[in-house]
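Everything on this sheet refers to the single structure shown next.
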Amino acid sequence: MTATRVLVLNSGSSSLKYQLLDMRDSSRLATGFVERIGERTSRLKHTALTTGETRETTGPVADHAAALKAVSEELGRDGLGLDSPDLAAIGHRVVHGGSSFTEPVIVDDAVIAEIERLIPVAPLHNPANLTGIRTARSLRPDLPQVAVFDTAFHTTMPESAARYAIDVSTADEYRIRRYGFHGTSHAYVSRETAKLLGKAPGDVNVIVLHLGNGASASAVREGRCVDTSMGLTPLEGLVMGTRSGDVDPAVIFHLARVGGMSTDEIDTLLNKKSGLIGLCGDNDMREIRRRVDEGDEQARLAFDIYIHRLKKYIGAYYAVLGRVDAIAFTAGVGENAAAVREAAVAGLEGLGLAVDAGLNAARGDGARIVSPEGARVAVAVVPTDEELEIATQTYALVGASHDLT
Ligand code: ADP
């Protein structure tokens, strides 16, 4: 195909992040973001990786349409504009694809209607994602727009893992089930882990631990996700920066009945004021480790709770998979915090799990193995790249649909 560039857009409620990639060699041509959209102090930061030049502008950007126009102008100044014939497609990150979207799709009116129908299960994310899609469509109506869903990789989960044990008709009526998130990261990292082991994805079983500010684990059997820790929403599972992860659902009734809290207050408590920040006042693992090293007991307890939960999921997914070839740590904490990796597998030698202290502590950019030579299970650090995964899926779909690859 002649057009080889893909623009990846990640639209949040008040932000727009973007990357322009050339799919001939997966290289980055430009990257940037607009933040505080709708405020007087919106900020656009654009870096042209072709020249290394960075430009920043501050001033009111009214809405996503204006933001994307500004981004297009910045790209245009580097000869990379949305009107370029080299642009093959725009790939949009869409957080919730429900059960309907098992793969990326080319956006049409029916796709937009379905993403809209899913707003009740993703009230914060899907509307912002839709705004990005609509804006991009209006600017380049002729260009294929592809929606890549955070939930898609998890749609292979068996019913036994995807269903909550609650009344079936109620669950079905309200579409309550475990969807999972961070799917593009879990897909990318599980494949890269197989590559690191010199094997095909279909030949390995991997536990992926995506530990960023949001955090999730997944069990991937022979390239297909069979379980993941996030559920109906990204609140379930691991202890996160500001989210509680798993709690007894009765905590919510208790807070309402005894604490007199409203649904919105409990939502805010569990999503924004819990996890590491709720436990110790910090959600940055660097700061928490610094405090632990200084003997801070509160930070120590937060770290221990975080690790205890992580370990439980490693054990659970080990049991789900039966045989594990690798555990892959990824995202901000997983890629950088050696202390987290070390503590997460400490004492699990019986399961064939250990890190080599030297390898684990060494800094490195690419994917690497940090378990001792000859270990039964490889412990790996695998940097995630959600934008590349979105671009790759987008390009593959556009190429296939035009039969041009
Ligand atoms: P998200 O995309 O969910 O916002 P990231 O994957 O970028 O998150 O991860 C952000 C988190 O990574 C930070 O909150 C911080 O806790 C952690 N982090 C980043 N760098 C380091 C580091 N060098 N050591 C420990 N933790 C780090």
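In listed order, ligands and their atoms are each counted from 1. Any value given below was found using the heavy atoms of this structure, including those in side chains, with hydrogens, waters and symmetry copies removed. Remember, predicted model here, so these are calculated numbers, not experimental data.
- For atom 26 (N) of ligand 1, a protein non-hydrogen atom is found at a distance below 4.0 Å.
- Near A331, meaning under 4.0 Å from any of its heavy atoms, are these atoms of ligand 1: 6 (O).
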Inset, instruction - May I have the step-by-step check of side chain to side chain contact (heavy atoms under 4.5 Å, CB included) for L353 and V324, ending in yes or no? - result: CA-CA 10 Å; L353 279 168; V324 177; over 6 Å; no
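- For atom 15 (C) of ligand 1, the nearest protein heavy atom (residue, atom name, distance) is D284 OD1, 3.4 Å.
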Inset, instruction - Take Y188 and E386 through the test side chain to side chain contact (heavy atoms under 4.5 Å, CB included) and record every step on the way to the result. - result: CA-CA 7 Å; Y188 177 82; E386 289 166 279; over 6 Å; no
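- Distance from atom 23 (N) of ligand 1 to its nearest protein heavy atom, with residue and atom name: N336 CB, 3.3 Å.
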Inset, instruction - Step by step, work out the side chain to side chain contact (heavy atoms under 4.5 Å, CB included) result for L351 and I314. - result: CA-CA 10 Å; L351 297 177; I314 293 172; 5.5 Å; no
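- Nearest non-hydrogen protein atom to atom 24 (N) of ligand 1 is R286 CG, 3.2 Å.
- For D248, the CG atom is densely surrounded, since the number of other residues' heavy atoms within 6.0 Å is greater than 12.
- A 4.5 Å side-chain heavy-atom check between L388 and R28 finds at least one atom pair inside the cut-off.
- Proximity of the aromatic rings of F181 and H96 is defined here by a centroid distance below 6.0 angstrom, and this criterion is met.
- Interface of G214 with ligand 1, defined as ligand atoms under 4.0 Å from a residue heavy atom, comprises 3 (O).
- A donor-acceptor contact shorter than 3.5 Å is absent between the side chain of S216 and the backbone of H210.
- Annotation: M285 places an N or O atom under 3.5 Å from an N or O atom of ligand 1; distance criterion only.
- The N283 neighbourhood of ligand 1 comprises atoms 14 (O), 16 (O), with distances under 4.0 Å to a heavy atom of that residue.
- By the criterion of a heavy-atom distance under 4.0 Å, neither the backbone nor the side chain of V340 is placed next to ligand 1.
- At least one N/O-N/O distance between N213 and ligand 1 falls below 3.5 Å.
- Interface atoms of ligand 1 facing V333, defined by a heavy-atom separation under 4.0 Å, are 12 (O), 16 (O), 17 (C).
- Considering backbone and side-chain atoms alike, G332 places an N or O below 3.5 Å from some N or O of ligand 1.
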Legend entry - Trace of the salt bridge (Lys or Arg N to Asp or Glu O under 4.0 Å) decision for R137 with D109: CA-CA 11 Å; R137 259 185 133 196; D109 291 343; 3.1 Å; yes
